[in-house]
Amino acid sequence: MSGDRTTAQDPSQLAPQYSPAEVESRRYAGWVDAGLFTADAAAVAAGRPSFSIVIPPPNVTGSLHIGHALEHTLIDSLVRRRRMQGYSTLWLPGMDHAGIATQNVVEHELARESLSRHDLGREKFVERVWQWKAESGGKILGQMRRLGDSVDWSRERFTMDEGLSRAVHTMFKRLFDDGLIYRAERIINWCPRCLTALSDIEVEHADEDGELVSIRYGDGAGAIVVATTRAETMLGDTAVAVHPDDPRYAGLIGREVELPLTGRRIPVVADPHVDPEFGTGAVKVTPAHDPNDFEIGRRHDLPARTIMDERGVITAPGPFGGLDRFEARPAVVAALREEGRIVAEVRPYLHSVGHCGRCGTIVEPRLSLQWFVKVGPLAKAAGDAVRDGRVKMHPPEMAARYFDWVDDMHDWCISRQLWWGHRIPVFYGPNGAIVCTAPGEDPPGADNPGSWQQDPDVLDTWFSSGLWAFSTLGWPDDTPDMRAFYPTSVLVTGYDILFFWVARMMMLSLYAMSGTSQGQAPDAGREPAQAIPFYDVALHGLVRDSHGKKMSKSRGNAVDPLDWIDRFGADAVRFTMARGANPGGDVAVSEEWAAGARNFCNKLWNAARFSLMNGARVPAELPDPASLTVADRWILSRLASVTADVDALFEAFEFGKLSEALYHFAWDEYCDWYLELAKVTLPPPGQPSAGPAGAGPAGADEAAAERTRDVLGYVLDRLLRLLHPVMPFLTDELWAALTGEESVVVAPWPGQRVDGAGAPVASERFTDPAAEAQIAALTRLVTQVRRFRSDQGLRPGQRVAAALTGIANTPLAGHEASIRTLLRLTPPDDGFAPTASVQAEGVTVELDTSGAIDVAAERRRLEKDLAAATEEVDRTQRKLANPGFTAKAPPEVIEKTRQRLAAAEADMTLLQSRLAALA
RNA sequence: GGGCCGUUAGCUCAGCGGGAGAGUGCUUCCCUGACACGGAAGAAGUCACUGGUUCAAAUCCAGUACGGCCCACCA
């Protein structure tokens, strides 16, 4: 805002209803063309503070769902506010290659052509995935435009980009050289359908009904009974374990028992892991197919017998060979029963079963050679950064969940038997030689091709996501973007990926930026405090339907954000999301909510339309408050208050509350009262430039109208700016119409701001408690009279003659014209014959209702009010009579209570006298 | 098995020591100078239960019931 008053465009440009579609595409294109979203690293170098957020990269598979609409709304509103505040902002867009998910999708596609990835071969298959990515990725970017995301398109990244791949390679090499990545044969979670290892958190546990089978091993005095839910694994048993102190088995430890169906004899070992209280206190040990048993096996040097292949088919010799694991289970039980080995029959048993997080197949613990990250030191640092407050969680309760996980984390299995992903940069040569290459380094064995083989596996997709906060900014190079935008400011994401992503980003970022061992130098002279990937983590919940049910395609209650944007507009969808978002809380949405938000958009549209029709314009500076009407001062005071509230709520990530505050200010105060009050001062319609002073029906003079036009424009301008972060399209369109300027995107934020050097800019703060009190009284009086008319069945639109007696001695003295306009009251004329009166705020409104009033209805109402007032008087009197209260309550509370009592007593006498008058 | 959270108007949720709130839905009236995607008025809740702390509890503490979520090497 600079220079002269800007005048409104022709108000006839504004249709009576807001139609989002055209505005949205035009506005978005304008923003991008003007380069308003492009981050400026040089400005940061010159001293401007920065604000950066990296997008939680959506999977290239599929499209954005309503949860993304929530997430993007929150991120975008944070970014837009900071941009208006004067920060150099970066919202970096991008996508995740989502290894297993994407590979599955493309494999499904191939299956429709009756092909498998093996038919294509690795190279051709990966090519095909890239092809598929190109198509799917574009769809997501289009959706982001529709949502209005103010992302810097020039900095778009993909986890398998060349630059990011180099970051991944660099990181792997560093961890490898530091001994924090190792290869080992372990029991891992294996998906027999996806044919790959999974990390612990990629396994989803669900309680399922199973059978607990008790089996007798051995015979006679040496017999021992074990229980299992996975009978087929007994084929791979290599011991029975009991607790060392269990007297029942003391004599058996060290002896051997016969393993049924196999003819093998296996030892009885003593291991403290066994719980003597559970079942018979004896447990079968299958080191190759159970993580606990694997550990027991290690402690007792037991062999591990693998009895299943990678697809879950039994490979053990004998009659069960070739059976699927779930076919083998009953077959083994039947065979045991035939031998009389099943004891006490089988028992139904509810137990937790692990499923592949991607395809739902029951996971099989499998002994295999995999790569792991040693998480100990990394997890410690990740926990400490939150513990010591360098990184703050919102809401803070979520930190407990984070600590639980980070403080007790198993080593992270990072190798995947997939083709789509970052290939592990390790080569195996002759005589067991192993080399991990550095980025750019040639593979070993150039002189002897064929003697070295690269590891066929790729990395867990979350390994590259874990680097996202800095790999996207050019790491490992010391780039201007790294210097300007790392650490990022806020991570906005769902609590459901706290472990998958947040914790991994913390671990890998802290490691990469500060170095954790073996003299690794911190990057770019970064202080340890700055090694964190982000200062704040703002966690949002899941989007649910109106009954709080999780949205899912199978349930049929999933919402396509584009569908809602088409029907209600992007701003309405965004407002719906923001309004429902409490920190860490799930968001319940429904079409009714979206329609309500759409209505709000339309309300704003029309408020602006009315203002523009009445010549609102934004003044270079506010007129002298002394020259303003009380209503003007009231709305300015309320605006200042709401501005401060919204500012504070933004800082606290309280999106729901700040949306609510703006909604109520805009609708209940600005539209419902201020615009109505402004009509008193503004010249009547069809009289755009008012005549001589006093010509208007309410004594409107042109000077007063001019000042009200200023205030009308001033408040609308600030309101649009305050709403812009959440509702960018509508506010931009209206603001351009109001100010004649190009875009509100870079207009100054009405609250706290900074200048180019990062110094705070003082913001205007107009407060007028006296005006607030007067308008509050006015609204109460008007509501009282309206209520009377409504109760009496008098049509709201009908003009009624009335006298306002006693008003001269009240704070409402100057408001008679306003009250008359709001209530459609005409002055008493010659035939004035009041038939009823309403008293409130010290004013008696005598009404000529041109007819008898409904005495019974009026009595009912008065009696009801009297009962309420009497109760209130009673309650407050008792309270004030309580010596404990007067002695211990804070003075302001006592004062408030006294005032309440006085008000209630006044109400009571008033109502009593009116009841008496009625009789 | 461990942990976290919730239980407030029909529904979805705010409020978290001193007057029970919002949106939506519902009832009645109204196309009043922008908006019927609108205006006005209204009905509606022993704030899950029990006990405790306090002058004062929806709000703090303990327990109970119900619901939800997360974690777990539950043979």
Side-chain angles (χ1 to χ4, degrees), chain A residues 11 14 16-18 187 200-201 205 207 212 226-230 241 273-275 278-280 282-286 290-295 349-352 365 397-398 400-401 404-405 408 410 495-496 498-499 544-548 568 572 579-580 582 584-590 592-593 595-614 656-657 660 663-664 671-672 675-676 679 682-686 783 786-791 793-799 824 872 875-876 879 882-890 892-894 896-897 900 904:
Chain A
L14 297 189
Q17 282 203 349
Y18 172 53
I187 296 272
D200 291 344
I201 48 174
H205 294 271
D207 281 346
L212 190 65
V226 299
T228 181
T229 53
R230 296 196 301 150
H273 167 80
V274 178
D275 175 9
F278 188 95
T280 59
V283 58
K284 59 191 276 305
V285 181
T286 323
D290 182 278
N292 286 318
D293 294 5
F294 180 76
E295 291 304 319
Y349 191 71
L350 188 71
H351 65 307
S352 170
E397 304 91 83
M398 285 292 176
R401 213 181 263 195
D404 277 353
W405 194 70
D408 187 28
H410 293 177
Y495 61 70
D496 53 327
L498 189 59
F499 306 146
R544 296 173 179 276
D545 71 10
S546 58
H547 302 293
F568 304 111
R579 187 184 206 175
N582 293 117
D586 290 344
V587 181
V589 299
S590 64
E592 284 74 27
W593 282 69
R598 187 263 327 266
N599 296 353
F600 181 48
C601 291
N602 195 238
K603 188 71 180 176
L604 291 167
W605 179 263
N606 274 288
R609 183 162 170 256
F610 172 82
S611 300
L612 293 174
M613 284 167 105
N614 280 284
K657 293 193 181 95
E660 198 77 7
Y663 181 93
H664 283 120
C671 289
D672 284 352
L675 294 188
E676 294 306 318
K679 287 175 185 173
L682 293 166
T783 302
R786 282 175 177 164
R787 191 174 161 206
F788 171 82
R789 287 171 51 146
S790 177
D791 286 351
L794 298 172
R795 290 174 41 238
Q798 186 187 328
R799 291 194 173 272
R824 311 186 159 275
E872 173 77 358
R875 207 171 39 205
T876 40
K879 194 161 187 176
N882 181 343
F885 176 71
T886 43
K888 296 195 179 176
E892 64 270 21
V893 172
I894 296 175
K896 244 173 90 177
T897 310
R900 244 173 49 219

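In this text the structure is predicted, and so the values were computed from the model without any measurement. Basis for what follows: all heavy atoms, side chains included, without hydrogens, waters or symmetry-related copies. In the text below, chain A, chain B and the rest are named by the order of the sequence lines, each starting its count at 1.
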_What contact category does A/Leu675 fall into here, base, sugar-phosphate, or nothing, at under 4.0 angstrom with non-hydrogen atoms?_
base
*Just the dot-bracket of RNA chain B, please: which string comes out with Watson-Crick or G-U pairs under 3.5 Å, [ ] for crossing, | for another strand?*
((((((((.[[[[.)..(..]]]].(((((.......))))).....[[[[[..)....]]]]])))))))....
_Closest approach of A/Arg579 to A/Glu660 (non-hydrogen atoms, all atoms of both residues)_ = NE-OE1, 3.1 Å
*With P as the reference atom in both, quote the distance from B/rG45 to B/rA22 in angstrom, rounded to an integer.*
14 Å
_I'd like the P distance from B/rG23 over to B/rG39, given in whole Å._
11 Å
*Could you tell me whether A/Val274 contacts a base, only the sugar-phosphate backbone, or nothing, with contacts defined as non-hydrogen atoms closer than 4.0 Å?*
base
*So does A/Gln17 reach the base of B/rC37 with its side chain, donor to acceptor, closer than 3.5 Å?*
yes
*Does any non-hydrogen side-chain atom of A/Phe610 lie less than 4.5 Å from one of A/Lys679?*
yes
*With a 4.5 Å limit on heavy-atom distance, are the side chains of A/Arg401 and A/Phe499 in contact?*
yes
*State whether the distance check finds a donor on one side and an acceptor on the other, under 3.5 Å, for side chain A/Arg598 versus base B/rC37.*
yes
*Using a cut-off of 4.0 Å between protein heavy atoms and nucleotide atoms, how would you tag nucleotides 17-24 of chain B 5' to 3' with B, S and -?*
-BB--SSS
*Take A/Tyr18 and A/Phe499, find for each the nucleotide of RNA chain B with the closest heavy atom, and name the residue whose nucleotide sits nearer the 5' end.*
A/Tyr18
*Rounding to the closest angstrom, what is the interatomic distance between B/rG18 and B/rC26 at atom P?*
34 Å
*Which pair of heavy atoms, one from A/Gly580 and one from A/Val587, lies closest together, and at what distance?*
O-CG2, 3.5 Å
*Just wondering, do A/Arg230 and A/Asp290 contact through their side chains at under 4.5 Å, heavy atoms?*
yes
*Spell out yes or no: do the side chain of A/Ser790 and the base of B/rC29 have one donor N/O and one acceptor N/O closer than 3.5 Å?*
no
*Toward the 5' end of RNA chain B, which comes first, A/His410 or A/Arg401, by nearest nucleotide?*
A/Arg401
_Can you measure A/Arg795 atom CZ to B/rG39 atom C1' for me and round it to whole angstrom units?_
14 Å
*On a whole-Å scale, what distance lies between the P atoms belonging to B/rC70 and B/rC37?*
41 Å
*asked:* Work out how far the C1' atom of B/rU54 is from that of B/rA62, and round it to whole angstrom.
replied: 16 Å
_Heavy-atom check, side chain of A/Thr229 versus side chain of A/Leu212, under 4.5 Å_ = yes
*Using the P atom as the reference point in each nucleotide, state the distance between B/rU7 and B/rC11 in Å, no decimals.*
14 Å
_Within-4.5 Å side-chain heavy-atom neighbours: A/Ile201 and A/Trp405_ = yes
*Pairwise C1' distance, B/rA9 and B/rC71 [rounded to whole Å]*: 36 Å
*Atom-pair distance (CZ on A/Arg544; C1' on B/rG67), nearest Å*: 12 Å
_Categorize A/Thr229 for me: base, sugar-phosphate, or nothing, with a 4.0 angstrom heavy-atom threshold over every strand shown._
sugar-phosphate
*Is it true that A/Glu872 and A/Arg875 make a salt bridge, defined as a side-chain N closer than 4.0 Å to a carboxylate O?*
yes
*Just to confirm, is there a sub-4.0 Å distance from OP1 or OP2 of B/rA14 to any side-chain nitrogen or oxygen of A/Asn582?*
yes
*Is the shortest side-chain N/O distance from A/Lys679 to OP1 or OP2 of B/rA34 below 4.0 Å?*
no
*Does the base of B/rA34 carry an N or O that pairs as donor and acceptor with the side chain of A/Glu676 under 3.5 Å?*
yes
*Would you please confirm or rule out a distance under 4.0 Å between OP1 or OP2 of B/rG42 and any side-chain N or O of A/Arg787?*
yes
*Roughly how far, to the nearest 0.5 Å, is the NZ atom of A/Lys879 from the OG1 atom of A/Thr897?*
5.0 Å
*Any side-chain heavy-atom pair from A/Phe885 and A/Val893 closer than 4.5 angstrom?*
yes
*Carefully, step by step, assess A/Tyr663 and A/Lys603 under the rule side chain to side chain contact (heavy atoms under 4.5 Å, CB included).*
CA-CA 10 Å; A/Tyr663 181 93; A/Lys603 188 71 180 176; over 6 Å; no
*Could you check how far CG of A/Leu350 sits from P of B/rA75, rounded to whole Å?*
12 Å
